[in-house]
Number of protein chains: 2
Amino acid sequence: MSTKTKILDAAEVLFADKGFNGTSLREITSQAEVNLAAVNYHFGSKKELIKAVMSRYMNELSPRLESALNALCLEEVKPTLIEVFSAFLEPLLHLNSFKDNGTSTFLQLLGRGYTDSQGFLRWFLTTQYPGVFTKFTQAVQKAYPELNKEEMFWRLHFTMGTIVFTMSSSDALIDIAQNDFDRQVDIAGVIKQVIPYVAAGVAAPIVR
Amino acid sequence: MSTKTKILDAAEVLFADKGFNGTSLREITSQAEVNLAAVNYHFGSKKELIKAVMSRYMNELSPRLESALNALCLEEVKPTLIEVFSAFLEPLLHLNSFKDNGTSTFLQLLGRGYTDSQGFLRWFLTTQYPGVFTKFTQAVQKAYPELNKEEMFWRLHFTMGTIVFTMSSSDALIDIAQNDFDRQVDIAGVIKQVIPYVAAGVAAPIVR
DNA sequence: AGCTATTTTAAACACGTGTTTGAATCCGGG
DNA sequence: CCCGGATTCAAACACGTGTTTAAAATAGCT
(Lines give C-alpha, C1' and ligand atoms only; values in the text may rest on other atoms or scores of the structure.)
Protein backbone atom coordinates (compact mmCIF):
# COMPACT_ATOMS: atom_id res chain seq x y z
CA MET A 1 0.00 0.00 0.00
CA SER A 2 1.34 3.38 -0.98
CA THR A 3 2.45 5.92 1.61
CA LYS A 4 -0.19 8.35 0.38
CA THR A 5 -2.94 5.81 1.00
CA LYS A 6 -1.57 4.85 4.38
CA ILE A 7 -1.67 8.50 5.41
CA LEU A 8 -5.20 9.03 4.11
CA ASP A 9 -6.45 5.90 5.85
CA ALA A 10 -4.96 6.86 9.18
CA ALA A 11 -5.94 10.50 8.87
CA GLU A 12 -9.62 9.93 8.15
CA VAL A 13 -10.32 7.88 11.26
CA LEU A 14 -8.37 10.24 13.50
CA PHE A 15 -9.99 13.30 11.96
CA ALA A 16 -13.43 11.76 12.37
CA ASP A 17 -12.73 10.89 15.99
CA LYS A 18 -10.94 13.97 17.27
CA GLY A 19 -11.59 16.67 14.71
CA PHE A 20 -9.20 18.33 12.31
CA ASN A 21 -7.67 20.74 14.78
CA GLY A 22 -7.61 18.03 17.44
CA THR A 23 -5.48 15.65 15.39
CA SER A 24 -1.76 16.25 14.99
CA LEU A 25 0.33 15.18 12.04
CA ARG A 26 2.48 13.16 14.43
CA GLU A 27 -0.52 11.12 15.52
CA ILE A 28 -1.41 10.50 11.90
CA THR A 29 2.04 9.53 10.72
CA SER A 30 2.77 7.25 13.66
CA GLN A 31 -0.60 5.55 13.21
CA ALA A 32 0.15 5.17 9.50
CA GLU A 33 3.70 4.03 10.28
CA VAL A 34 5.26 6.55 7.95
CA ASN A 35 7.68 9.40 8.47
CA LEU A 36 6.37 12.70 9.77
CA ALA A 37 7.62 14.64 6.76
CA ALA A 38 5.69 12.39 4.39
CA VAL A 39 2.52 14.44 4.86
CA ASN A 40 4.11 17.66 3.68
CA TYR A 41 5.95 15.83 0.94
CA HIS A 42 2.90 14.12 -0.54
CA PHE A 43 0.17 16.62 0.28
CA GLY A 44 1.93 19.93 0.80
CA SER A 45 0.24 20.92 4.02
CA LYS A 46 -2.20 19.71 6.63
CA LYS A 47 -5.01 21.72 5.04
CA GLU A 48 -4.44 19.99 1.71
CA LEU A 49 -4.48 16.64 3.48
CA ILE A 50 -7.88 17.47 4.92
CA LYS A 51 -9.17 18.32 1.45
CA ALA A 52 -7.72 15.09 0.09
CA VAL A 53 -9.42 13.03 2.78
CA MET A 54 -12.77 14.62 2.00
CA SER A 55 -12.31 14.44 -1.76
CA ARG A 56 -11.67 10.72 -1.67
CA TYR A 57 -15.11 10.24 -0.14
CA MET A 58 -16.89 12.89 -2.16
CA ASN A 59 -15.62 11.49 -5.44
CA GLU A 60 -17.07 8.14 -4.45
CA LEU A 61 -20.33 9.54 -3.15
CA SER A 62 -21.34 12.47 -5.31
CA PRO A 63 -21.88 10.74 -8.69
CA ARG A 64 -24.14 8.11 -7.13
CA LEU A 65 -25.99 10.72 -5.11
CA GLU A 66 -26.45 13.07 -8.03
CA SER A 67 -27.79 10.36 -10.28
CA ALA A 68 -30.18 9.10 -7.60
CA LEU A 69 -31.54 12.60 -7.07
CA ASN A 70 -31.59 13.20 -10.78
CA ALA A 71 -33.73 10.13 -11.35
CA LEU A 72 -36.19 11.50 -8.82
CA CYS A 73 -36.33 14.86 -10.60
CA LEU A 74 -36.92 13.29 -14.01
CA GLU A 75 -39.84 11.09 -12.99
CA GLU A 76 -43.19 12.49 -13.96
CA VAL A 77 -44.80 11.61 -10.61
CA LYS A 78 -44.23 13.87 -7.64
CA PRO A 79 -41.97 12.10 -5.12
CA THR A 80 -42.62 12.09 -1.38
CA LEU A 81 -40.10 13.67 0.95
CA ILE A 82 -39.42 10.22 2.35
CA GLU A 83 -38.39 9.15 -1.14
CA VAL A 84 -36.17 12.19 -1.51
CA PHE A 85 -34.30 11.51 1.70
CA SER A 86 -34.24 7.79 1.02
CA ALA A 87 -32.30 8.60 -2.13
CA PHE A 88 -29.36 9.26 0.16
CA LEU A 89 -29.51 5.81 1.68
CA GLU A 90 -27.96 3.68 -1.05
CA PRO A 91 -25.13 6.08 -1.94
CA LEU A 92 -24.27 6.58 1.72
CA LEU A 93 -24.35 2.90 2.59
CA HIS A 94 -22.30 2.15 -0.51
CA LEU A 95 -19.42 3.88 1.29
CA ASN A 96 -19.37 0.87 3.59
CA SER A 97 -18.29 -1.36 0.75
CA PHE A 98 -15.84 1.29 -0.37
CA LYS A 99 -14.23 1.25 3.05
CA ASP A 100 -14.78 -0.33 6.47
CA ASN A 101 -17.11 1.91 8.45
CA GLY A 102 -17.03 4.25 5.48
CA THR A 103 -20.53 5.65 5.98
CA SER A 104 -20.01 6.46 9.61
CA THR A 105 -16.55 7.88 9.06
CA PHE A 106 -17.68 10.09 6.22
CA LEU A 107 -20.64 11.52 8.11
CA GLN A 108 -18.48 12.18 11.12
CA LEU A 109 -15.98 13.98 8.91
CA LEU A 110 -18.80 16.03 7.46
CA GLY A 111 -19.85 17.03 10.94
CA ARG A 112 -16.32 17.99 11.85
CA GLY A 113 -16.01 20.03 8.72
CA TYR A 114 -18.98 22.13 9.59
CA THR A 115 -17.83 23.12 13.05
CA ASP A 116 -14.04 22.90 12.97
CA SER A 117 -11.96 25.48 11.19
CA GLN A 118 -14.64 28.16 10.81
CA GLY A 119 -16.46 26.38 8.05
CA PHE A 120 -13.76 26.40 5.43
CA LEU A 121 -14.88 22.88 4.58
CA ARG A 122 -18.41 24.06 3.92
CA TRP A 123 -16.95 26.46 1.40
CA PHE A 124 -14.87 23.66 -0.09
CA LEU A 125 -17.82 21.31 -0.49
CA THR A 126 -20.28 23.84 -1.86
CA THR A 127 -17.79 25.16 -4.41
CA GLN A 128 -16.28 21.82 -5.41
CA TYR A 129 -19.46 19.76 -5.45
CA PRO A 130 -22.29 22.18 -6.25
CA GLY A 131 -24.26 19.61 -8.22
CA VAL A 132 -25.27 17.67 -5.13
CA PHE A 133 -26.79 20.72 -3.50
CA THR A 134 -28.71 21.99 -6.49
CA LYS A 135 -30.09 18.53 -7.33
CA PHE A 136 -31.11 18.07 -3.73
CA THR A 137 -33.01 21.35 -3.48
CA GLN A 138 -34.64 20.63 -6.83
CA ALA A 139 -35.86 17.28 -5.56
CA VAL A 140 -37.23 18.75 -2.34
CA GLN A 141 -38.88 21.59 -4.26
CA LYS A 142 -40.60 19.06 -6.47
CA ALA A 143 -41.79 17.03 -3.49
CA TYR A 144 -43.03 20.04 -1.53
CA PRO A 145 -43.60 23.01 -3.89
CA GLU A 146 -45.56 25.04 -1.29
CA LEU A 147 -42.31 25.77 0.55
CA ASN A 148 -40.82 29.07 -0.55
CA LYS A 149 -37.11 29.61 -1.01
CA GLU A 150 -36.48 31.04 2.42
CA GLU A 151 -38.41 28.38 4.30
CA MET A 152 -36.67 25.71 2.32
CA PHE A 153 -33.31 27.28 3.08
CA TRP A 154 -33.92 27.01 6.80
CA ARG A 155 -35.43 23.56 6.76
CA LEU A 156 -32.67 22.15 4.67
CA HIS A 157 -30.10 23.58 7.04
CA PHE A 158 -32.01 22.14 9.98
CA THR A 159 -31.89 18.80 8.19
CA MET A 160 -28.20 19.13 7.49
CA GLY A 161 -27.76 19.85 11.18
CA THR A 162 -29.73 16.85 12.29
CA ILE A 163 -27.86 14.44 10.08
CA VAL A 164 -24.41 15.82 10.48
CA PHE A 165 -24.61 16.38 14.20
CA THR A 166 -26.16 13.03 14.95
CA MET A 167 -23.58 11.27 12.88
CA SER A 168 -20.67 13.16 14.31
CA SER A 169 -21.54 11.71 17.69
CA SER A 170 -23.06 8.52 16.36
CA ASP A 171 -20.47 6.24 17.93
CA ALA A 172 -21.20 7.56 21.41
CA LEU A 173 -24.95 7.47 20.80
CA ILE A 174 -24.87 3.92 19.47
CA ASP A 175 -22.93 2.87 22.55
CA ILE A 176 -25.51 4.43 24.86
CA ALA A 177 -28.38 2.92 22.91
CA GLN A 178 -26.87 -0.56 22.99
CA ASN A 179 -26.36 -0.38 26.75
CA ASP A 180 -29.68 1.22 27.64
CA PHE A 181 -31.93 -0.74 25.32
CA ASP A 182 -29.92 -3.93 24.99
CA ARG A 183 -30.36 -3.95 21.27
CA GLN A 184 -27.97 -4.15 18.37
CA VAL A 185 -27.75 -0.83 16.54
CA ASP A 186 -25.64 0.13 13.56
CA ILE A 187 -25.20 3.16 11.39
CA ALA A 188 -27.75 1.95 8.85
CA GLY A 189 -30.28 1.61 11.64
CA VAL A 190 -29.67 5.17 12.76
CA ILE A 191 -30.07 6.46 9.22
CA LYS A 192 -33.35 4.62 8.86
CA GLN A 193 -34.54 6.20 12.11
CA VAL A 194 -33.54 9.67 11.03
CA ILE A 195 -35.26 9.64 7.63
CA PRO A 196 -38.84 9.83 8.96
CA TYR A 197 -37.72 12.49 11.38
CA VAL A 198 -36.22 14.87 8.85
CA ALA A 199 -38.91 14.14 6.30
CA ALA A 200 -41.57 15.11 8.83
CA GLY A 201 -39.56 18.16 9.84
CA VAL A 202 -39.26 19.44 6.29
CA ALA A 203 -42.93 18.65 5.70
CA ALA A 204 -44.03 20.51 8.83
CA PRO A 205 -47.00 22.88 8.42
CA ILE A 206 -45.92 26.32 7.27
CA VAL A 207 -46.30 29.12 9.80
CA ARG A 208 -46.42 32.61 8.30
CA MET B 1 -15.76 45.28 36.60
CA SER B 2 -13.88 42.44 38.24
CA THR B 3 -11.10 40.62 36.46
CA LYS B 4 -13.02 37.36 36.77
CA THR B 5 -16.00 38.86 34.94
CA LYS B 6 -13.85 40.46 32.27
CA ILE B 7 -12.30 37.07 31.57
CA LEU B 8 -15.66 35.28 31.45
CA ASP B 9 -17.10 37.92 29.13
CA ALA B 10 -14.21 37.76 26.70
CA ALA B 11 -13.95 33.98 26.87
CA GLU B 12 -17.59 33.23 26.07
CA VAL B 13 -17.66 35.12 22.80
CA LEU B 14 -14.32 33.72 21.66
CA PHE B 15 -15.29 30.19 22.66
CA ALA B 16 -18.59 30.53 20.85
CA ASP B 17 -16.90 31.82 17.72
CA LYS B 18 -13.81 29.62 17.45
CA GLY B 19 -14.46 26.70 19.76
CA PHE B 20 -12.77 25.76 23.00
CA ASN B 21 -9.69 24.20 21.47
CA GLY B 22 -9.51 26.95 18.89
CA THR B 23 -9.28 29.76 21.42
CA SER B 24 -6.06 30.41 23.29
CA LEU B 25 -5.76 31.90 26.73
CA ARG B 26 -3.68 34.70 25.24
CA GLU B 27 -6.51 35.70 22.93
CA ILE B 28 -8.89 35.72 25.85
CA THR B 29 -6.71 37.72 28.20
CA SER B 30 -5.71 40.29 25.63
CA GLN B 31 -9.34 40.74 24.61
CA ALA B 32 -10.27 41.10 28.27
CA GLU B 33 -7.30 43.41 28.86
CA VAL B 34 -6.01 41.40 31.79
CA ASN B 35 -2.77 39.59 32.42
CA LEU B 36 -2.27 36.13 30.98
CA ALA B 37 -1.71 34.54 34.38
CA ALA B 38 -5.05 35.84 35.64
CA VAL B 39 -6.89 32.88 34.13
CA ASN B 40 -4.91 30.32 36.05
CA TYR B 41 -5.01 32.48 39.15
CA HIS B 42 -8.79 32.94 39.19
CA PHE B 43 -9.96 29.71 37.59
CA GLY B 44 -7.12 27.24 38.04
CA SER B 45 -7.01 25.97 34.48
CA LYS B 46 -8.49 26.43 31.04
CA LYS B 47 -10.82 23.49 31.57
CA GLU B 48 -12.21 25.07 34.72
CA LEU B 49 -12.69 28.33 32.85
CA ILE B 50 -14.78 26.51 30.26
CA LYS B 51 -16.93 25.03 33.00
CA ALA B 52 -17.31 28.47 34.60
CA VAL B 53 -18.43 30.00 31.31
CA MET B 54 -21.06 27.32 30.84
CA SER B 55 -22.17 27.39 34.47
CA ARG B 56 -22.86 31.10 34.37
CA TYR B 57 -25.38 30.49 31.60
CA MET B 58 -26.78 27.26 32.94
CA ASN B 59 -27.45 28.78 36.36
CA GLU B 60 -29.42 31.50 34.64
CA LEU B 61 -31.25 29.16 32.29
CA SER B 62 -31.96 25.94 34.10
CA PRO B 63 -34.33 27.14 36.87
CA ARG B 64 -36.53 28.96 34.36
CA LEU B 65 -36.46 26.03 31.98
CA GLU B 66 -37.21 23.46 34.66
CA SER B 67 -40.14 25.40 36.01
CA ALA B 68 -41.58 25.98 32.54
CA LEU B 69 -41.36 22.27 31.76
CA ASN B 70 -42.64 21.42 35.21
CA ALA B 71 -45.71 23.56 34.69
CA LEU B 72 -46.39 21.64 31.51
CA CYS B 73 -46.09 18.30 33.31
CA LEU B 74 -48.43 19.35 36.11
CA GLU B 75 -51.28 20.52 33.90
CA GLU B 76 -54.08 18.01 33.57
CA VAL B 77 -54.45 18.54 29.81
CA LYS B 78 -52.05 16.82 27.48
CA PRO B 79 -49.71 19.39 25.91
CA THR B 80 -48.86 19.44 22.23
CA LEU B 81 -45.27 18.96 21.16
CA ILE B 82 -45.29 22.52 19.89
CA GLU B 83 -46.09 23.63 23.40
CA VAL B 84 -43.31 21.51 24.84
CA PHE B 85 -40.70 22.98 22.55
CA SER B 86 -42.15 26.45 22.93
CA ALA B 87 -41.45 26.12 26.65
CA PHE B 88 -37.82 26.64 25.72
CA LEU B 89 -38.51 29.93 24.04
CA GLU B 90 -38.96 32.28 26.99
CA PRO B 91 -36.06 30.91 29.08
CA LEU B 92 -33.74 30.97 26.08
CA LEU B 93 -34.71 34.45 24.99
CA HIS B 94 -34.39 35.64 28.56
CA LEU B 95 -30.64 35.12 28.15
CA ASN B 96 -30.73 38.12 25.84
CA SER B 97 -31.65 40.41 28.71
CA PHE B 98 -29.09 38.68 30.88
CA LYS B 99 -26.42 39.48 28.34
CA ASP B 100 -26.10 41.00 24.86
CA ASN B 101 -26.58 38.22 22.31
CA GLY B 102 -26.87 35.87 25.26
CA THR B 103 -29.20 33.42 23.54
CA SER B 104 -27.09 33.08 20.46
CA THR B 105 -23.85 32.87 22.41
CA PHE B 106 -25.17 30.20 24.74
CA LEU B 107 -26.51 28.01 21.96
CA GLN B 108 -23.26 28.32 20.08
CA LEU B 109 -21.37 27.33 23.21
CA LEU B 110 -23.66 24.35 23.58
CA GLY B 111 -22.89 23.30 20.05
CA ARG B 112 -19.17 23.63 20.63
CA GLY B 113 -19.44 21.62 23.79
CA TYR B 114 -20.92 18.69 21.96
CA THR B 115 -18.26 18.40 19.32
CA ASP B 116 -15.12 19.89 20.83
CA SER B 117 -13.12 18.03 23.44
CA GLN B 118 -14.68 14.59 22.96
CA GLY B 119 -17.90 15.47 24.70
CA PHE B 120 -16.59 16.18 28.17
CA LEU B 121 -19.06 19.05 28.26
CA ARG B 122 -21.94 16.70 27.56
CA TRP B 123 -20.86 14.77 30.62
CA PHE B 124 -20.59 18.00 32.59
CA LEU B 125 -24.08 19.17 31.65
CA THR B 126 -25.87 15.86 32.12
CA THR B 127 -24.29 15.31 35.53
CA GLN B 128 -24.51 18.88 36.80
CA TYR B 129 -27.95 19.71 35.47
CA PRO B 130 -29.86 16.44 35.26
CA GLY B 131 -33.19 18.08 36.13
CA VAL B 132 -33.51 19.74 32.76
CA PHE B 133 -33.14 16.47 30.90
CA THR B 134 -35.54 14.44 33.00
CA LYS B 135 -38.20 17.17 32.98
CA PHE B 136 -37.85 17.51 29.23
CA THR B 137 -38.27 13.82 28.51
CA GLN B 138 -41.22 13.70 30.92
CA ALA B 139 -42.91 16.53 29.06
CA VAL B 140 -42.34 14.90 25.67
CA GLN B 141 -43.54 11.57 27.00
CA LYS B 142 -46.74 13.21 28.19
CA ALA B 143 -47.27 14.93 24.84
CA TYR B 144 -46.58 11.82 22.79
CA PRO B 145 -47.01 8.68 24.92
CA GLU B 146 -47.02 6.32 21.93
CA LEU B 147 -43.28 6.82 21.54
CA ASN B 148 -41.32 4.14 23.35
CA LYS B 149 -38.11 4.83 25.24
CA GLU B 150 -35.77 3.94 22.41
CA GLU B 151 -37.60 5.90 19.75
CA MET B 152 -37.74 8.88 22.06
CA PHE B 153 -34.03 8.57 22.77
CA TRP B 154 -33.23 8.89 19.09
CA ARG B 155 -35.69 11.62 18.30
CA LEU B 156 -34.58 13.74 21.22
CA HIS B 157 -31.00 13.40 20.11
CA PHE B 158 -31.97 14.31 16.57
CA THR B 159 -33.68 17.37 18.03
CA MET B 160 -30.69 18.25 20.12
CA GLY B 161 -28.61 17.97 16.98
CA THR B 162 -30.88 20.21 14.97
CA ILE B 163 -30.95 22.94 17.57
CA VAL B 164 -27.35 22.83 18.62
CA PHE B 165 -25.92 22.48 15.18
CA THR B 166 -28.07 25.18 13.64
CA MET B 167 -27.23 27.55 16.42
CA SER B 168 -23.54 26.84 16.35
CA SER B 169 -23.47 28.11 12.79
CA SER B 170 -26.36 30.54 13.21
CA ASP B 171 -24.28 33.64 12.61
CA ALA B 172 -23.12 32.38 9.22
CA LEU B 173 -26.62 31.18 8.32
CA ILE B 174 -28.24 34.46 9.33
CA ASP B 175 -25.72 36.31 7.16
CA ILE B 176 -26.54 34.13 4.15
CA ALA B 177 -30.26 34.49 4.73
CA GLN B 178 -30.08 38.26 4.99
CA ASN B 179 -28.12 38.51 1.75
CA ASP B 180 -30.11 35.96 -0.25
CA PHE B 181 -33.60 36.91 0.89
CA ASP B 182 -33.07 40.56 1.70
CA ARG B 183 -34.87 40.20 4.97
CA GLN B 184 -33.99 40.95 8.57
CA VAL B 185 -33.43 37.78 10.57
CA ASP B 186 -32.45 37.37 14.20
CA ILE B 187 -31.93 34.52 16.57
CA ALA B 188 -35.51 34.63 17.82
CA GLY B 189 -36.72 34.30 14.24
CA VAL B 190 -34.56 31.24 13.72
CA ILE B 191 -35.84 29.65 16.92
CA LYS B 192 -39.43 30.25 15.84
CA GLN B 193 -38.65 28.59 12.51
CA VAL B 194 -37.05 25.58 14.15
CA ILE B 195 -39.84 24.80 16.58
CA PRO B 196 -42.35 23.52 14.00
CA TYR B 197 -39.56 21.57 12.38
CA VAL B 198 -38.45 19.68 15.48
CA ALA B 199 -42.01 19.27 16.72
CA ALA B 200 -42.98 17.64 13.44
CA GLY B 201 -39.84 15.53 13.52
CA VAL B 202 -40.54 14.17 16.97
CA ALA B 203 -44.18 13.64 16.03
CA ALA B 204 -43.30 11.75 12.87
CA PRO B 205 -45.22 8.51 12.26
CA ILE B 206 -43.58 5.57 13.98
CA VAL B 207 -42.02 2.96 11.72
CA ARG B 208 -41.54 -0.47 13.30
C1' DA C 1 25.72 -1.70 -13.64
C1' DG C 2 25.23 3.14 -13.34
C1' DC C 3 22.84 7.13 -13.36
C1' DT C 4 18.76 9.95 -12.26
C1' DA C 5 14.58 11.08 -10.20
C1' DT C 6 11.67 9.85 -6.56
C1' DT C 7 10.92 8.86 -1.97
C1' DT C 8 12.17 8.27 2.91
C1' DT C 9 14.51 9.67 6.95
C1' DA C 10 16.21 12.12 11.22
C1' DA C 11 16.94 16.45 12.80
C1' DA C 12 16.06 20.99 13.45
C1' DC C 13 13.35 25.21 13.10
C1' DA C 14 10.23 28.77 14.52
C1' DC C 15 6.32 29.49 16.79
C1' DG C 16 2.14 28.85 19.82
C1' DT C 17 0.29 26.53 23.73
C1' DG C 18 -1.15 26.09 29.00
C1' DT C 19 1.00 26.64 33.23
C1' DT C 20 4.19 28.24 36.93
C1' DT C 21 7.16 31.36 39.32
C1' DG C 22 8.55 35.11 42.23
C1' DA C 23 8.68 39.77 42.61
C1' DA C 24 5.87 44.02 42.39
C1' DT C 25 1.68 46.27 43.41
C1' DC C 26 -2.68 47.13 45.41
C1' DC C 27 -5.96 47.50 49.06
C1' DG C 28 -8.39 47.10 53.51
C1' DG C 29 -8.18 46.76 58.73
C1' DG C 30 -5.51 47.44 63.17
C1' DC D 1 0.87 54.68 59.11
C1' DC D 2 1.95 50.16 58.26
C1' DC D 3 1.44 45.57 57.95
C1' DG D 4 -0.38 41.28 55.47
C1' DG D 5 -3.20 38.97 52.45
C1' DA D 6 -5.03 39.36 47.82
C1' DT D 7 -4.14 40.54 43.23
C1' DT D 8 -1.40 41.79 39.17
C1' DC D 9 2.54 41.48 36.35
C1' DA D 10 6.56 40.19 33.28
C1' DA D 11 9.17 36.44 32.45
C1' DA D 12 10.22 31.95 31.84
C1' DC D 13 9.19 27.02 31.49
C1' DA D 14 8.24 22.68 29.23
C1' DC D 15 6.05 20.87 25.67
C1' DG D 16 3.41 20.27 21.22
C1' DT D 17 2.54 22.10 16.77
C1' DG D 18 3.20 22.41 11.33
C1' DT D 19 6.86 22.92 8.32
C1' DT D 20 11.57 22.78 6.28
C1' DT D 21 16.11 21.01 5.35
C1' DA D 22 19.67 18.20 3.56
C1' DA D 23 21.41 13.79 3.58
C1' DA D 24 20.37 8.89 2.90
C1' DA D 25 17.95 5.24 0.69
C1' DT D 26 15.19 3.40 -2.91
C1' DA D 27 13.31 2.63 -7.46
C1' DG D 28 13.16 2.88 -12.37
C1' DC D 29 15.21 3.20 -16.72
C1' DT D 30 18.95 2.90 -20.41
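Chain letters run A, B, ... following the sequence lines, proteins first, then strands; residues in each count from 1. Computed from heavy atoms alone, side chains included, the values below leave out hydrogens, waters and symmetry copies.
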Any side-chain N or O of [X] under 4.0 Å from OP1/OP2 of [N]?
| X | N | answer |
| --- | --- | --- |
| A:Asn35 | C:dA10 | yes |
| A:Thr3 | C:dT8 | yes |
| B:Ser24 | C:dG16 | no |

From C-beta outward on [X], which listed nucleotide comes closest to its side chain: [options]?
| X | options | value |
| --- | --- | --- |
| B:Asn40 | D:dG18, C:dT9, C:dT19 | C:dT19 |
| A:Glu27 | C:dT21, C:dG18, D:dT17 | D:dT17 |
| A:Arg26 | C:dT20, C:dT19, D:dG18 | D:dG18 |
| A:His42 | D:dG18, D:dA12, C:dT8 | C:dT8 |

Notebook entry, point to check: DNA chain D: B:Leu36 or B:Ser2, which has the more 5' nearest nucleotide?
Noted result: B:Ser2
Next item on the list: Would you kindly compare B:Glu33 and A:Gly44 by the position of their nearest DNA chain D nucleotide and give the one closer to the 5′ end?
Entry: B:Glu33
Note to self: Donor-acceptor pair, distance only, cut-off 3.5 Å: does the side chain of A:Tyr197 make one with the backbone of B:Thr159?
What the structure shows: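 Yes, the answer is positive, given that a donor and an acceptor are paired below the 3.5 Å cut-off.
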Item checked: Expected output: side-chain A:Arg112 to main-chain A:Asp17 donor-acceptor under 3.5 Å -> yes
Atom [atom1] of [X] and atom [atom2] of [N]: how far apart are they, to the nearest Å?
| X | N | atom1 | atom2 | answer |
| --- | --- | --- | --- | --- |
| A:Glu48 | D:dT19 | CD | P | 10 Å |
| B:Lys18 | C:dG16 | NZ | P | 13 Å |
| B:Ile7 | C:dG18 | CD1 | P | 13 Å |
| B:Asn21 | D:dG16 | CG | C1' | 13 Å |
| B:Leu49 | C:dG18 | CG | C1' | 12 Å |
| B:Ile50 | C:dG18 | CD1 | P | 10 Å |
| B:Leu25 | C:dT19 | CG | P | 6 Å |
| B:Phe43 | C:dT20 | CZ | P | 16 Å |

Item checked: Residue met sooner reading DNA chain C from 5', once A:Ala38 and B:Ser45 are mapped to nucleotides -> A:Ala38
Notebook entry, point to check: NZ of A:Lys6: more than 12 outside heavy atoms within 6.0 angstrom?
Noted result: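 Yes - once you tally the heavy atoms of other residues, nucleotides and ligands closer than 6.0 Å, there are more than 12.
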Notebook entry, point to check: Does the pair B:Glu60/B:Lys99 count as a salt bridge with the N-to-O cut at 4.0 Å?
Noted result: no
Note to self: If you define the side chain from C-beta out and look only at heavy atoms, does anything of A:Phe136 sit under 4.5 Å from A:Val84?
What the structure shows: yes
